[in-house]
Amino acid sequence: MKRQKWLSSCAAFICLWLAGCWSPNVPKALPKSEHAAQVEKLFPVPFEEAWARIVAFGSGSGRKIVTADKASGLVTFVLTTGSETKIFYNVLLQPSTTGSGTMVVVFERTGQGAVFDSTILDRISGSFTN
Amino acid sequence: MKNRIFLTLLSVLLVAATDPSSCASEIEMERLFKSDFAGFQPPNAGKIKVGAVHRTVANTSYDDVWNALLVVSMQRQVIASASKESGVLVAMQIPAGRGYLLSGFPTVIFLERKGPGEVEVYCNWLEDYYSTTGAKPVVKVKVRGMTKERLANGYLDKVVNQALSKRRWNYLRR
């Protein structure tokens with residue numbers, strides 16, 4: 001009786017395991033970060049104006065432009081923080097598809113010792129209003 | 001005894017290959033990052049094509065594939081140079097302190113219009129960026145054909161996906 005119970009438990013486990021193996025390959029949702037950073041923002045200005053302001057921002061105090069290609073809408077600039085640590089910002093500008101304005105997307109790459117800059121889009125916004 | 005000497009020599013060579021601080025001179029990639037890419041000249045199309053892995057992207061436009069390249073590259077590496085007109089893009093990851101082998105390979109891309117709705121994407125990993133900057137440059141890392149195939153497949157799958165979907169996909173997870 002005990003043995004029968006044990007065998008049926010094993011059989012149930014194997015069935016469940018096989019069912020798991022045979023389930024269709026459904027893509028799983030990526031886990032959401034607890035520290036999600038804002039990476040894109042719509043600026044209510046035409047592309048030309050947004051481009052000029054971002055280029056000015058990228059070459060501002062402590063920052064240096066690495067590459068800029070207007071046809072692509074891409075600017076990469078570097079910020080050197082204390083003790084020679086660096087943050088590189090890849091910035092992509094694209095005319096908004098939903099109406100007027102320019103969508104600005106920023107992705108950072110940080111050097112060793114540098115801290116992720118979560119306020120970059122706010123500071124770019126600030127430079128737009130000055 | 002012979003085995004011991006061999007193992008010691010092997011470990012010294014491995015450390016030298018992976019730890020730039022143990023070398024007399026730095027590699028080109030480190031110099032570029034230190035100088036914020038001042039005066040950086042991207043390679044021309046002819047150089048990129050030699051030994052490159054390439055793939056045709058159909059039913060799309062040059063603009064869409066170029067945008068896809070930007071969206072994928074900017075989430076993975078620092079874009080050191082990009083020109084939509086010439087179709088050349090160079091992206092590199094910041095060399096990590098303990099060894100440049102662990103920090104990802106510099107990716108060089110060339111985009112070519114092939115036919116109506118067809119674009120050819122060439123990916124390459126040039127050894128120039130792994131050369132020492134001294135008087136006699138020495139290539140520290142050789143990226144072999146199989147490694148190039150593996151890197152290109154991982155990269156181009158994302159680019160094609162991005163080009164055809166047009167919605168920005170996240171590739172922050174490596």
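Below, read A as the first sequence line, B as the second, and so on, with proteins coming before strands; counting in each chain starts at 1.
To the nearest 0.5 Å, atoms CZ (B:Phe110) and NZ (B:Lys49) are separated by 5.5 Å. To the nearest 0.5 Å, the span separating SG on B:Cys123 from CG on B:Leu69 amounts to 7.5 Å.
In this structure B:Tyr155 satisfies the ring pair (Phe, Tyr, Trp, His ring centres under 6.0 Å) test with no other residue, sequence neighbours excluded. Residues passing the ring pair (Phe, Tyr, Trp, His ring centres under 6.0 Å) test with A:Tyr89 are A:Phe77, sequence neighbours excluded.
When the side chains of ILVMFWY residues are joined at heavy-atom separations under 4.5 Å, either directly or via intervening members, B:Leu89 and B:Val53 end up in two distinct hydrophobic clusters.
Using a cut-off of 4.0 Å between Lys/Arg side-chain N and Asp/Glu carboxylate O, B:Asp36 and A:Arg63 are scored as not salt-bridged.
Judged by distance alone, with hydrogens and angles left aside, the side-chain atoms of A:Arg109 form no donor-acceptor pair with the main-chain N or O of B:Val78 at under 3.5 Å. Using modelled atom types, one side-chain atom of A:Asn90 and one backbone atom of B:Gln77 make a donor-acceptor pair closer than 3.5 Å.
Between B:Tyr62 and B:Glu85, the closest heavy-atom pair is OH-O, 4.3 Å. Heavy atoms only, all atoms of each residue included: B:Met74 and A:Phe107 are closest at O-CB, 3.2 Å.
Only the side chain of B:Leu70 comes within contact range of chain A, judged by heavy atoms closer than 4.5 Å. Looking at A:Gln94, only its side chain comes within 4.5 Å of chain B, counting heavy atoms on both sides. Interface remark: A:Thr97 contributes no atoms to any contact with chain B (heavy atom separation under 4.5 Å). With a 4.5 angstrom heavy-atom cutoff, B:Phe33 touches chain A via backbone and side-chain atoms both. Using a 4.5 Å cut-off between heavy atoms, A:Leu92 touches chain B through backbone and side chain atoms alike.
Using non-hydrogen atoms only and a strict 4.5 Å limit, no part of residues 41-52 of chain A faces chain B. Near-neighbour residues of residues 64-71 of chain A relative to chain B, defined by a heavy atom under 4.5 Å from a heavy atom of that chain, comprise A:Lys64, A:Val66, A:Thr67, A:Asp69, A:Ala71.
Counting heavy atoms from C-beta on, the side chains of A:Leu74 and B:Trp66 never come closer than 4.5 Å. Side chains of B:Arg55 and B:Asn153 form a contact here, defined as non-hydrogen atoms less than 4.5 Å apart.
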